[in-house]
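This report concerns only the one structure given below.
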Amino acid sequence: MEDSTTRPWAWAKDPHAVMWCVTFTRGITPEDVLARYGADTPTAQVLTRQQAAQLNDSSLPEGSVLRAGALGNWSFCFEDYGVMGIMPGPLSALSHRTETFSVLLGGDGMNGFAHWRDGQCTERFEPGFTHTKPNPPHPWWDAVQERLDASSEEYPGLVPVLGAVAHHTGAELDADTVNGPLLTLRLEDSSRTPDPPTPHPVPTLQPRGRQGACWADRPCLGRPCRLPCGAPPTSPPFSTHTAPRPRNREDWSLRRRLRFGPVLTARKN
């Protein structure tokens, strides 16, 4: 019988996973990847996933543990409990003179996909939700949706999304690689690559629900919007930028019980 840990994308199917974010960039090294996030690469250590978890110290300023490795001509960066890999600053830098994919399992129940090329976002959407479908042409929406439609599982998760990326890159990120030794460091939010300047819409009051064109269209409960324009909309009670980011697995588990359940129920219905 096949061990569950050896199946393709076993780490992405882990029911105990609260959230993760992974980027794939063509033609640069893992050291380059960390540098483009804004990190001081010489400070990186080679750590396993279990060892890297010790870097999530709640007494430190907010940040993310970045773990980078190579897959053939592509390099990836994996985050547990982090969202730097969906931010415009790192993605713009990562994709400079190349291309980058970003896939997010959101701790609030909302997932994400983005494709960037040479510093510009070409597509960004929430897989499976047609109201986030980009304006045409949208080849990555089509590729992902085709795999979602072909899946035999009622809730296939992000495996079809990762499969579409792997079909393009020619390499799968398996569980042994994710859990094994990778170039690792902790990067504080204040030190990451800053977002490029973009016009920001004037906040307007919106009824609760999944209306509007952007997270930034909302008043964010009176707090400055920290998420990129053009991202899929979400109701303030469920968005990751309306409350302080949980710092450890226990915090995320509590948050998931409080916030994730209603989202899952809505989707199931």
Side-chain angles (χ1 to χ4, degrees), residues 1-26 69 71-80 83 85-86 91 94-95 98-117 121-179 210 230-234 238 256 260-269:
M1 184 176 179
E2 185 183 29
D3 190 309
S4 62
T5 61
T6 64
R7 297 171 187 166
W9 310 116
W11 59 270
K13 299 177 181 178
D14 181 3
H16 301 294
V18 177
M19 75 168 293
W20 47 259
C21 185
V22 61
T23 60
F24 302 88
T25 304
R26 176 173 51 83
L71 294 170
N73 191 42
W74 292 74
S75 288
F76 67 91
C77 185
F78 183 85
E79 300 172 72
D80 274 316
V83 295
I86 65 168
L91 288 174
L94 286 169
S95 64
T98 183
E99 63 177 327
T100 298
F101 295 90
S102 171
V103 182
L104 168 73
L105 174 70
D108 63 348
M110 190 176 70
N111 304 326
F113 170 91
H115 177 255
W116 285 63
R117 184 184 294 277
C121 182
T122 65
E123 287 188 56
R124 187 200 308 274
F125 55 85
E126 185 176 5
F129 287 84
T130 55
H131 67 277
T132 69
K133 184 177 181 179
N135 294 326
H138 38 64
W140 289 109
W141 169 274
D142 295 338
V144 168
Q145 192 61 44
E146 180 180 357
R147 288 175 177 266
L148 287 171
D149 292 340
S151 175
S152 60
E153 300 180 50
E154 184 178 5
Y155 299 110
L158 289 171
V159 171
V161 182
L162 294 165
V165 174
H167 181 74
H168 180 76
T169 63
E172 287 186 354
L173 181 57
D174 58 38
D176 287 342
T177 303
V178 170
N179 297 329
R210 303 178 73 91
T234 186
F238 299 113
R256 193 173 195 174
F260 197 45
V263 177
L264 286 178
T265 302
R267 289 189 181 182
K268 188 173 182 179
N269 294 335

Note to self: Are F24 and L162 packed together at the side-chain level, in the sense that at least one heavy-atom pair is separated by less than 4.5 angstrom?
What the structure shows: yes
Item checked: Heavy-atom donor-acceptor pair, D80 side chain to W20 backbone, under 3.5 Å -> no
Next item on the list: Carefully, step by step, assess F113 and L158 under the rule side-chain contact (heavy atoms from CB on, under 4.5 Å).
Entry: CA-CA 9 Å; F113 170 91; L158 289 171; over 6 Å; no
Note to self: The criterion is side-chain contact (heavy atoms from CB on, under 4.5 Å); which residues satisfy it with D142, sequence neighbours excluded?
What the structure shows: H138
Next item on the list: Would you name the heavy atoms of I86 and R124 that are closest together and state the gap between them?
Entry: O-NH1, 3.8 Å
Next item on the list: State, with a plain yes or no, whether a side-chain heavy atom of L105 is found less than 4.5 Å away from one of N111.
Entry: yes
Item checked: side chain to side chain donor-acceptor pair (under 3.5 Å) partners of R26, counting only residues at least two apart -> E99
Notebook entry, point to check: Taking only residues two or more places apart in sequence, or in another chain, which ones meet T177 in a side chain to side chain donor-acceptor pair (under 3.5 Å)?
Noted result: D174
Check: With sequence neighbours excluded, what pairs up with T25 under the side-chain contact (heavy atoms from CB on, under 4.5 Å) test?
Finding: I28, L94, T98, T100
Next item on the list: Locate the shortest heavy-atom distance separating L91 from S102; write the atom from each residue and the value.
Entry: CD2-CB, 3.9 Å
Checklist line | F101: which of W116, W140, F76 passes ring pair (Phe, Tyr, Trp, His ring centres under 6.0 Å) | finding: W140
Margin query: Is it the case that over 12 heavy atoms from other parts of the model lie below 6.0 angstrom from the CD atom of E146?
Written below: no
Item checked: Nearest atoms (heavy-atom pairs only) where W141 meets T130 -> CH2-CA, 3.7 Å
Check: Who pairs with E123 by salt bridge (charged side-chain N to carboxylate O under 4.0 Å, His left out), at least two apart in sequence or on another chain?
Finding: none
Next item on the list: Work out which heavy atom in T132 is nearest to a heavy atom in E126; give both atom names and the distance.
Entry: OG1-N, 3.0 Å
Next item on the list: Answer whether the closest heavy-atom distance between the side chains of W9 and L173 falls below 4.5 Å.
Entry: yes
Check: Looking at residues at least two apart in the chain, or sitting in another chain, which of them share a ring-ring contact (aromatic ring centres under 6.0 Å, His included) with H167?
Finding: none
Next item on the list: State which residues pass side chain to side chain donor-acceptor pair (under 3.5 Å) with N135; sequence neighbours excluded, sorted by chain then number.
Entry: none
Note to self: Between V83 and M19, is there a side-chain heavy-atom distance shorter than 4.5 Å?
What the structure shows: yes
Next item on the list: Check side-chain contact (heavy atoms from CB on, under 4.5 Å) between E79 and all other residues, then give those that pass, not counting sequence neighbours.
Entry: C21, Y37, S64, L66, M84
Note to self: Restricting to side-chain contact (heavy atoms from CB on, under 4.5 Å), what partner residues turn up for P156, sequence neighbours left out?
What the structure shows: L148, S151, E153, P160
Item checked: Residue pair K133 / F125, side-chain heavy-atom distance below 4.5 Å -> no
Note to self: Holding to side chain to side chain donor-acceptor pair (under 3.5 Å), I want the full list of residues that pass it with N73, two or more places apart in sequence or in another chain.
What the structure shows: none
